[in-house]
There are 2 protein chains.
Amino acid sequence: MSDSKAKGSKDARKVPMRDFSQSLPMALLRAREAVMRQFRPNLRAHGLTEQQWRILRALAAVDAIEVTELARVAFLLGPSLSRILRDLEARGLVQREVDARDMRRGVLSISTKGLKLIAQVAPNSEAIYATIARRYGARKLAALHKMLGELEQSIGGGGEADAGDDE
Amino acid sequence: MSDSKAKGSKDARKVPMRDFSQSLPMALLRAREAVMRQFRPNLRAHGLTEQQWRILRALAAVDAIEVTELARVAFLLGPSLSRILRDLEARGLVQREVDARDMRRGVLSISTKGLKLIAQVAPNSEAIYATIARRYGARKLAALHKMLGELEQSIGGGGEADAGDDE
DNA sequence: GGCAGTTGATTAACATGTTAAGTTTCAGGC
DNA sequence: GCCTGAAACTTAACATGTTAATCAACTGCC
């Protein structure tokens, strides 16, 4: 009941609901944004968006990978991935070929140019991450990771669920 | 179909970098998405997006609020907010007037229609949240909230200048 | 070996994220 | 009063999120 100092309103709540401060999605969004705000300038300086960077990193970790699998790993939806790949391919950062056994499937891999770009961006990125880990505490960070993973699990990170519509 | 899963991807890492599984932004994104996946259907059923819902909730908690302040509270950027308000206003869910003392400022408030919509959506939303809290554990959830807030703090999510690294 | 149904991927359409530029209104200094 | 700079939004332009529709290629079945 402590009311904050929002503009001329003391207890003017018009509906009964948890306050924003207790919104889980909001808390996750804010935390993520605070983190990303540290990385974005570095990526931007190399002409990369956050998503493009995720894709390059994912590709750098394997020899080759299919589009659908890449979407799963980089946590991007198909449509977004299609658009981004079109661009990255045009920039010569990734290469693509068609699977000989199943022509529907595209097989992707990172190019030499892409690897060089990663080599330019990674050091700074790692340094930023290290700073965050140092300030927040490495142990605490590990604990946070664990809890986030468990949250995903308990909710069912797969994707079903429907809380029903009452009416 | 006896071969391939991804040709020899085991040890094919081409660059030295943390694995995706240890990416903090990714972990936060995944967790948030898992949570939002629970809420979206309910919102969508009432013709609301996540951001529109955030705005209505924020407005319902106060008598009136300025655009800039609303952006801060609902954690939205100005441009997004402008577009969304245009729509919500057209739908009669929010009202806007101009501050008499400073004509640059817009003062917003939720309409009766908006309040009714919230009343329709909130119960289900609260129920979904309760389910998550029950499955994950109320205590653990509180701890997670706390850790997320601290992460923001330690990084400097308060909206000040950057952490200064430099080149 | 041809058709129905399915899968992998892209395209379409609309909403938001993000940064930059533009507009109107204020506040001060002259 | 006027000019300059800042503040509060809004527009603009481009990239991604999200859902639905489309398209081509594969699979199973007869």
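All values derive from a computational prediction rather than experimental measurement. Naming convention: chains lettered A, B, ... in sequence-line order (proteins, then strands); numbering from 1 in each chain.
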Specify the separation, in whole Å, of atom CG of A:L81 and atom C1' of C:dT11. 14 Å

For A:E50, report the nucleic acid contact type (base, sugar-phosphate, nothing); a contact means any heavy atom under 4.0 Å. nothing

Protein-nucleotide distance (B:L48, atom CG; C:dA15, atom P), rounded to Å: 13 Å

What about A:R40, does its side chain sit under 3.5 Å from the base of C:dG17 through a donor-acceptor pair? no

Close side-chain approach of B:H46 to B:Q120, heavy-atom, < 4.5 Å: yes

Please tell me which of the listed nucleotides, C:dT16, D:dT10, C:dT19, lies nearest to the side chain of B:V67? D:dT10

Both B:D87 and A:L85 contact DNA chain C. Which one's nearest nucleotide lies toward the 5' end? A:L85

Can you tell me which nucleotide in C:dA13, C:dG17, C:dA9 comes closest to the side chain of A:T68? C:dA9

Selection from C:dA20, D:dC9, D:dC26 that lies nearest to any side-chain heavy atom of A:D102: D:dC26

Considering only heavy side-chain atoms of B:R105, the closest of C:dA9, D:dG17, D:dA8 is D:dA8

Within this structure, what is the CZ-to-P distance between A:R104 and D:dA24, rounded to whole angstrom? 14 Å

Grab the CZ-P distance between A:R44 and C:dG17 for me, whole Å please. 16 Å

Send over the distance from A:R101 CZ to D:dT27 C1', rounded to a whole Å. 17 Å

Looking at five pairs on each end of the helix from C:dG1-D:dC30 to C:dC30-D:dG1, what is the angle between the two axes, given to 10 degrees? 0°

Over 12 non-hydrogen atoms of neighbours within 6.0 angstrom of NZ in B:K140: yes

Could you check how far CD of B:E69 sits from P of D:dC9, rounded to whole Å? 10 Å

Can you check the A:Q51 CD to D:dC14 C1' distance for me, whole Å? 13 Å

Would you indicate whether the side-chain heavy atoms of A:L29 and B:R32 approach each other to under 4.5 Å? yes

Which is more 5' along DNA chain D, the nucleotide nearest B:G106 or the one nearest A:L77? Just name the residue. B:G106

So, OP1 or OP2 of C:dT16: does either fall under 4.0 Å of a side-chain N or O from B:T49? yes

Check whether any side-chain heavy atom of A:L93 lies under 4.5 Å from a side-chain heavy atom of A:I110, and answer yes or no. no

B:R104 and B:D102 ion-paired at < 4.0 Å: yes

Respond yes when some side-chain nitrogen or oxygen of A:S80 is under 4.0 Å from OP1 or OP2 of D:dT16, and no when none is. no

Atom-pair distance (CZ on A:R83; C1' on D:dC14), nearest Å: 11 Å

Output yes when A:E33 and A:R30 qualify as a salt bridge under the 4.0 Å nitrogen-oxygen rule, no when they do not. no

Is it true that B:D87 and B:R83 make a salt bridge, defined as a side-chain N closer than 4.0 Å to a carboxylate O? no

Would you call B:Q51 and B:L76 a side-chain contact if the rule is heavy atoms closer than 4.5 Å? yes

